[in-house]
Amino acid sequence: MEENLLIPDNNPQHRAGFVSIIGKPNVGKSTLMNQMVGEKLSIITSKAQTTRHRIMGILNGEDHQIVYSDTPGIIEPMYALHESMMRFVQSSLEDADVVLWVTDIYEKFDEDQIVEKLKGIEAPVFLLINKIDLATQAETTEKIEYWAEKFDFKEIIPVSALENFNVEKIFNRILENLPFHPPYFPKDELTDKPEKFFAAEIIREKIFLNYKQEIPYSAEVVIESFQETEELIRIRAEIMVERTSQKGIIIGKGGEALKKVGIAARKDLETFFGKQVFLEQYVKVEDKWRAKPNKLKRFGY
Ligand code: GDP
Ligand code: MG
C-alpha cells in the first residue's frame, strides 16, 4: 500500500484492515461478502468458479473501514487461468488482517489444500460453516466438532449468509480483530474495481445462468466501451468464446439466446448503476484464450 493513499485521520480509535474470504467453490463466499457489504458486488450463481478475480468490497463506518476480498474458490489448477485465479487467493491472504475460511454443511472433508495455504499466515482464522439453514442442529454440531480438530481456528461460527443468520456476529469478531489504523481508501469508495468491471461481471453472470456445460467457462466478457451521459449509460460488450461452435450456441437460433442474456443483463445493470442502460453485445471467437498468457492479461488476469 502506497503511503500517499492513506487518508489523514485524527481518530486513534479508528480501525481498518483487510479481510480475506477464502474457501472451496460454491460454499457461499460471494453471498456472504455481499451480505456484509450490503451491495451486490460479487456475482453469485449456483455454478462453481463463478468468481475469477479477487474482488474487494469496502465497508465504511464512522470508526472503521473493513476491506473485504472475495476470492475465487480454491481448486487444483487445470488451465493458466486457474493458476492466475489461485494467485489472487494467495495475494489476498498475504495482506489479510483477518481470514474468513468459509465452508458449508455439505463440503466433503478434503481440506488439506486450504490448510497448506494457511501455513505461515499470522492473521486469526475464523471458520464459517455456511448454509446451516439447510441443516439440523445435530448436523451442525457434528460439523463444528469435526472442524475443531482440523485446525487451530480462532472461532468456529455457524452461519446462513442467505438468511443473514450470525452475519452481525462475524462483523463484530472482525472489528475486534482489526488493528487501530486510519482508513486505506476514501470513505465514499465501495470497491477497488472500476464500473466497467462490474458491467462485465453482470453480463458474465447471465451467461452462467443461461448456458450449460462448458459454455460459461469458455466465455469472457470485455467491455469495449462505457459511455455515461446525464440520462443513460451506453455499454458495448464483447463476449469472447473459444470456438466457432460456441459462438453459435451463445447467439442461439435467430439470436434468441443472446437476446435473453441482454435483457436480463440490462435489467441488472440498470439496478446496479441506477440509470437507464443501452447495451450492445457482440460475440467473438478467441482461440484458446484460457491458455494464452497475453490474452489472459488483456482480460485482467
Ligand atoms: P461462492 O462460489 O463460494 O462465492 O458461492 P456463492 O456465493 O456464489 O453461492 C453459491 C450458491 O450457494 C448460490 O446458489 C447461493 O445462493 C447459495 N448459498 C449461499 N449462501 C447460502 C446459505 O446461507 N444458505 C443456502 N441455502 N444457500 C446459500
Ligand atoms: Mg464467488
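Remember, it's 1-based here, ligands and their atoms both numbered in the order they're listed. All residue numbers refer to positions in the sequence shown, counting from 1.
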Is it the case that ligand 1 has an N or O less than 3.5 angstrom from some N or O of Val27? yes
I'd like to know if Arg266 pairs up with Glu270 as an ion pair, taking the criterion as any Lys NZ or Arg NE/NH1/NH2 lying under 4.0 Å from an Asp or Glu carboxylate oxygen. yes
Are any of the N/O atoms on Gly28, whether in the backbone or the side chain, positioned under 3.5 angstrom from an N/O atom of ligand 1? yes
Quick one: does Pro25 get an N or O within less than 3.5 Å of an N or O on ligand 1? no
Under 3.5 Å: donor-acceptor pair, side chain of Asn130, backbone of Val27: yes
Checking the N or O distance criterion of under 3.5 Å, is ligand 1 in contact with Glu163? no
Per-atom contacts of ligand 1 with Ala161, taking only distances under 4.0 Å to non-hydrogen atoms: 20 (N), 23 (O)
For atom 17 (C) of ligand 1, which candidate among Gln35, Met33, Lys131 holds the nearest heavy atom? Lys131
May I ask you to list the atoms of ligand 1 that are less than 4.0 angstrom from any heavy atom of Lys29? 1 (P), 2 (O), 3 (O), 4 (O), 5 (O), 7 (O)
Just which atoms of ligand 1 are under 4.0 Å from any heavy atom in Leu134? 26 (N)
Run the side chain to side chain contact (heavy atoms under 4.5 Å, CB included) check on Glu168 and Asn172 step by step: do they pass? CA-CA 6 Å; Glu168 182 155 356; Asn172 291 330; 4.0 Å; yes
One residue to check: Leu162. Relative to ligand 1, which of side chain, backbone, both or neither has a non-hydrogen atom less than 4.0 Å away? both
Structural part of Asp133 in contact with ligand 1, heavy atom criterion under 4.0 angstrom: side chain
Does the pair Lys284/Glu238 count as a salt bridge with the N-to-O cut at 4.0 Å? yes
List every atom of ligand 1 that sits less than 4.0 Å from any heavy atom of Ser160, numbering the atoms from 1 in the order shown and giving each element. 23 (O)
Residues Glu228, Lys275; criterion side chain to side chain contact (heavy atoms under 4.5 Å, CB included); working and verdict: CA-CA 9 Å; Glu228 187 163 3; Lys275 227 179 219 183; 2.9 Å; yes
Quick one: pull up CG in Leu128 and CD1 in Ile22 and give me the separation to the nearest 0.5 Å. 10.5 Å
How long is the gap from CG on Leu258 to OH on Tyr282, to the nearest 0.5 Å? 11.0 Å
Are Ile202 and Leu232 linked, directly or through other ILVMFWY residues, by side chains that come within less than 4.5 angstrom of each other? no
